[in-house]
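Heads up: the structure comes next, in structure tokens.
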Number of protein chains: 2
Amino acid sequence: MTASISDVATQAGVSVATVSRALRGLPNVAPSTRDRVLDAARDLDYVADPNASRLAAGRTRSVGMVVPLFTQWFFSQCVAGAEGVLAAGGYETLLYNIGSHESRRRFLTELPFRKRVDGIVLVDLPVSEAEMATLCEAGVPIVTIGLRTEQAPSITIDNYGAACTATRHLVNLGHERIGMISNLPDDPRHFHAPVDRRRGYQDVLAEHDLELRPELDVPGNFSLEGGAEAMAQLVAVDRPPTAVFAQSDEMAIGALKTIHDAGLRVPEDISILGFDDHDMAEFVGLTTIAQPVVQHGELAAELLLERADRPDAEPTHVEAPTKLIVRDTTAPRHPARRDGPHRPRRARPLAGPPRGLP
Amino acid sequence: MTASISDVATQAGVSVATVSRALRGLPNVAPSTRDRVLDAARDLDYVADPNASRLAAGRTRSVGMVVPLFTQWFFSQCVAGAEGVLAAGGYETLLYNIGSHESRRRFLTELPFRKRVDGIVLVDLPVSEAEMATLCEAGVPIVTIGLRTEQAPSITIDNYGAACTATRHLVNLGHERIGMISNLPDDPRHFHAPVDRRRGYQDVLAEHDLELRPELDVPGNFSLEGGAEAMAQLVAVDRPPTAVFAQSDEMAIGALKTIHDAGLRVPEDISILGFDDHDMAEFVGLTTIAQPVVQHGELAAELLLERADRPDAEPTHVEAPTKLIVRDTTAPRHPARRDGPHRPRRARPLAGPPRGLP
DNA sequence: CTGAAAGCGCTTACAG
DNA sequence: CTGAAAGCGCTTACAG
């Protein structure tokens, strides 16, 4: 069988206590003793059983990443960022994928992370005050991404401000009929981001005395398919929008497909603006609001590790920056009719123009 | 403090052994006793400490997913697939992200998963025979994705055959100068997929007496950026290719950007064919070889769970299917000059054609 | 069907 | 600097 601590102790001629101390690099071990222990451990190919260590020490040296939808770009980036700093700090990363309504409910009631991890980071998990209180009662340090509460450190962005910036960009290009693709209205989960972004969008329209038309605010479910379907609705509307602010790049890219399928052109006929700066955004020329997602994850992990040391400190809240990145999917309305200094950029076509048959 | 098993035992008026049995649903517990235990556990909000359970039982009920690059689409899909069936089977999912050379080395020498998980799945981890042997010696059941060995069950695809299909598609469209975008030639890791795909590509060219030009086989590093750079090389070559087979969709999409930036059109000037059927592929109209990546992960998890029961059974090897999906980025060479029944499809442009200034 | 007890493999005061 | 011993919170023969 695999060697245990007492095998190492025997071989090194010391007690298990000394082995434990030597192997963990604790002070108060004579250098010569330490060497002997290290040798023995190497000889026997020994590794400590983490479960025994955890049981005895009361710490697990692992943290849980709680994400609603693991396959989405945003979440995988967050997790990757966190995993990096956690691994560097000697922590394992556990995955709690709670996409389904059922798994979310079970997570919230059974609190499966109790006694199992030293901390959790909630990535864009929409929880009510009451639910957050329950989670906190589990006694496990928490950090949230995309949600700010009194109870735990958090990393957020200024969704309202970013949405204002996005919408203003479109308004400044001369657009007056501006649509939005957002979340499902009846989503039982209450994400904050879509709500705040909607407010920004609406406020900027109001600010410019632009008509607020409910039929231009359509749900896209934050997916490629959802974005495509949402755009189909927008295109079919009476007096359709000349610009659309999609609340995620994935929805924006879905929308681009619909626009093309409908025989329309971006940005000549319609401008599209996304959110996130997805890896793909640059490659499809998408104008978007960038946010440093990997860094969200890194920061969350750092805050969590920090919190392990000072659990009673005032929660730190950090607001990460966002930035408008103008690429090729937004342009002035009716660019061909303008003759000002501004020349429209053209979105990068995947293919050239159709050519007449010879 | 949080309740332990003896608290529950006291409250229910039974021994801890009985609590343990009742809570785990073991037989040989009187229904009335079980009820009393369940009540007590609920009252006390009790959950078993997994570390204690693991130490006593010798099983961890968790498995490790070992991936080279967590943020890449392929791997996140695999992990998501596996996580789903593992969670359903009562297993936790641990992440081993070993992208860097250093972390890979440490993984292979320290075998950090020992005593920590009941099994690991190696996702596209290129390991030598010797390394695989080392891993097996750790005594932890293994399943591999994308690599077939004698030692462990595996899930692979027919990379050679798929590459033949891809290349033949281009040949059949009349292309004679066909490029390839693949892995870095000096990558110290020896992935099998790029090698097998290259063979398929080369064999089909040879089969059709098409010239094999080394300068048309360029490295793309399986990333968007790499694909873009590779395409830049191909475009600059003397007698450039009229079609390119990129070994991943991400590289293909990177290539599309370069083509556009160079003022060329897809598929009129050049055809592009990818590999994977990335979520985005449909949305950029990319012709590609599809493989069921999420299912790879699911299958791997199933094989692993199975193997836990029958560790000495002959390893099962499954070859997952692949399928050519023709979309808009491939077309006959010089389509305008043909007048057969085949009308070229046009790649979906993100924007319409440039129009002359008014 | 149930309990007493050993044991899983560590860590950590405590004493020296 | 080192060791003996208790203890972490479970599970599992074994006995009844």
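In what follows, every heavy atom counts, from backbone to side chain, and hydrogens, waters and symmetry copies are set aside. Chain letters run A, B, ... following the sequence lines, proteins first, then strands; residues in each count from 1.
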Please state how far atom CZ in A/R61 lies from atom P in C/dC10, giving the value in whole angstrom units.
17 Å
Once the angle between the rings of B/Y96 and B/F113 is folded into 0 to 90°, is it parallel (under 30°), tilted (30 to 60°) or perpendicular (over 60°)?
perpendicular
Whether B/K115 contacts C/dC8 is assessed here as follows: a side-chain N or O lying under 4.0 Å from the phosphate OP1 or OP2. Is that the case?
no
What's the closest nucleotide to the side chain of A/A30 if the choices are D/dT2, D/dT11, C/dT11?
D/dT2
Could you check whether any side-chain heavy atom of B/K115 comes within less than 4.5 Å of a side-chain heavy atom of A/V47, counting everything from C-beta outward?
yes
Using whole Å, report how far CD1 of B/I5 lies from P of C/dA4.
14 Å
Can you tell me how far P in D/dA5 sits from the matching atom in D/dC1, rounded to whole Å?
24 Å
Does either side chain, that of A/R148 or that of A/T144, offer a donor lying less than 3.5 Å from an acceptor on the other one?
no
Please tell me which of the listed nucleotides, D/dC10, C/dC10, D/dT11, lies nearest to the side chain of A/A56?
C/dC10
In whole angstrom, what separates B/N51's CG from C/dC8's C1'?
13 Å
Can you find a side-chain donor-acceptor pair between B/T60 and B/S62 that sits under 3.5 Å?
yes
With both pairing distances under 3.5 angstrom for Watson-Crick or G-U wobble, and | for a partner in another strand, the correct string for DNA chain D is |||.||||||||.|||
Can you confirm whether the side chains of B/S4 and B/S6 place a donor and an acceptor under 3.5 Å from each other?
yes
B/V47 near the nucleic acid: base, sugar-phosphate alone, or nothing, with a heavy-atom cut-off under 4.0 Å?
sugar-phosphate
Electrostatic pair A/R104-A/E131, nearest N-O below 4.0 angstrom
yes
Lys/Arg N to Asp/Glu carboxylate O, B/E92 vs B/R54, below 4.0 Å
yes
It should be established whether A/S6 places a side-chain nitrogen or oxygen under 4.0 Å from OP1 or OP2 of nucleotide C/dC10.
no
Residues A/I157, A/H296; criterion side-chain contact (heavy atoms from CB on, under 4.5 Å); working and verdict:
CA-CA 10 Å; A/I157 57 171; A/H296 288 10; 3.7 Å; yes
NA contact type, A/A17, heavy-atom cut-off 4.0 Å: base, sugar-phosphate, or nothing?
base
Can you check whether B/T33 has a side-chain N or O nearer than 4.0 Å to OP1 or OP2 of C/dT2?
yes
Whole-Å distance, A/R36 CZ to D/dC1 C1', equals 12 Å
If you compare every side-chain N and O of B/S53 against the phosphate oxygens of D/dC10 (OP1, OP2), does one of them come in below 4.0 Å?
no
Calculate the interatomic distance between A/D49 atom CG and D/dT11 atom P; express it in whole Å.
15 Å
Calculate the interatomic distance between A/L55 atom CG and D/dC8 atom C1'; express it in whole Å.
4 Å
In whole Å, I'd like the distance from the CZ atom of A/R116 to the C1' atom of D/dC10.
13 Å
If you take any heavy atom closer than 4.0 Å to DNA chain C, which residues from residues 18-29 of chain B end up in contact?
B/T18, B/R21, B/N28, B/V29
Applying the side chain to side chain contact (heavy atoms under 4.5 Å, CB included) criterion to A/I142, which one of A/T149, A/L303, A/L135 satisfies it?
A/L135
Sidechain N-carboxylate O distance under 4.0 Å for A/R36, A/D39:
no
Atom-to-atom span, CZ of A/R54 to C1' of C/dT11 - whole angstrom
15 Å
